[in-house]
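One structure is given below, encoded as structure tokens.
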Amino acid sequence: MSLHVRASIAFVMWALALTLPLTAQQSAADEFNDSHFHLTNYVQEGIDVHQFLQIMGRRVSRSTLFGIPLQQQWSYANSGEFAPTYYLQSDAPLYYYSFTDAYIASLYRGLSKEEQARFDPMITGFNPADMYAVDHIKRVLRTFPGVFTGIGEFSIHKEFVSSKVSGETASLTNPALDRVLDFAAEAGLVVILHSDIDMPFAKVDAEPVYLSQMKALLRRHPKTTIIWAHMGLGRVVHPVQTSAAVAAERSPAQVGIVEAMVSDPAFAHVSFDISWDEVAKYAVASPESIARVVTVLNRYPDRFLFGTDTVAPAGPEPYYAVFNMWAPVWKQLTPEASLKVRKTNYERLFDEGRRRVRAWERANVR
Ligand SMILES: [Zn+2]
């Protein structure tokens, strides 16, 4: 049975469950806005936006809406009859699949006005190593005015992925990326940028390899609204670790790095999303890690956004699992911090993005 068919069956079973008495499915309303959501996967398949609306129900008010800019090639020479649906399932390369933007726009346009108001579609189908990337973004805005709020999630350094992408490897120092971020500032596009802070399996006390390039990039674009996805972490790009001896003199660990950035006025335009179950696993790993995360979120509640980073979830269970993993943190946040991280930071950033991108379109699209 294909993944797709399995997903469809799971969805039908879940839809049937909705006919159960209300008490069996009762849950809180307006729990969060989702700042990081993929409707489709690495082979451009996923769930319909109406299925996602049913999953959101009343628990999720609003969500970002994007696919994945990369398509995993099915290379017969590599995997024969086996059709890979994930980047770890094949040695064949990934390539940029720009049609994703037209696909997302067409789904959005098929929604009612009330349904549209719940989504912030994002442009992702560009190659950030291409000096023409910015022209793709402008073309999408001109072709589909009134739809998009931002760009991303797109990736520069991503464990196991960057090295598989066809063509030139993306870099934080590439002027092509500067052109994209300059235009995002001009048009008011909210940027969701994935770039690992470090290499996979880095050693304790090692300087995170990509941090200084990332900081330099962010400093070059003070007028761009940027959300650094997953706080720079990955599945095996674990939080930066520092031994007690070294911590005393230099290189703080992950939470210290993030705290130094949110307290530095040079990064006032930068927020962090805490999306992905791989990130949640670090946060809730121990009472100490929970306390560290709670402290920084309570201290700088305006700078963090919750997101699920789920990819085409088959039903409510996998979708809400990420939110539930954070329960120990939600419990200890102040009511103010909790509300901001779950909801109002999203509203502040994405409402402003919507407003500014519509203004750019009015001035530049005819
Ligand atoms: Zn993602």
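Just so you know, ligand 1 is whichever comes first in the structure, and atom 1 is the first atom listed for that ligand. What you see is a predicted model; the values in this text were computed from it and never measured.
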Item to check | Shortest non-hydrogen contact between Gly146 and Glu361, atoms and distance | outcome: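 Looks like N-OE1, 2.8 Å.
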Next on the checklist: Can you give me the closest heavy-atom contact between Gln44 and Thr100, atom names plus distance?
Outcome noted: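 Where Gln44 meets Thr100 most closely, the heavy atoms are OE1-CB, 3.8 Å.
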Next on the checklist: Working note: Glu278 + His230, criterion side-chain hydrogen bond (donor to acceptor under 3.5 Å, both in side chains); need CA distance, chi angles, decisive distance, verdict.
Outcome noted: CA-CA 9 Å; Glu278 299 289 343; His230 324 305; over 6 Å; no
Checklist entry - Is Glu288 paired with Arg292 through a side-chain N to carboxylate O contact shorter than 4.0 Å? => result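 Salt bridge: no.
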Item to check | Tyr96 versus Asp130, side-chain donor and acceptor atoms under 3.5 Å | outcome: no
Item to check | Ile226 backbone acceptor or donor facing Thr224 side chain under 3.5 Å | outcome: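 Not confirmed, Thr224 side chain does not pair with Ile226 backbone.
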Item to check | Within-2.8 Å protein N/O/S contacts of the Zn ion (ligand 1) | outcome: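 Protein N/O/S atoms under 2.8 Å of the Zn ion (ligand 1): His36 NE2, His38 NE2, Glu153 OE1, Asp309 OD1.
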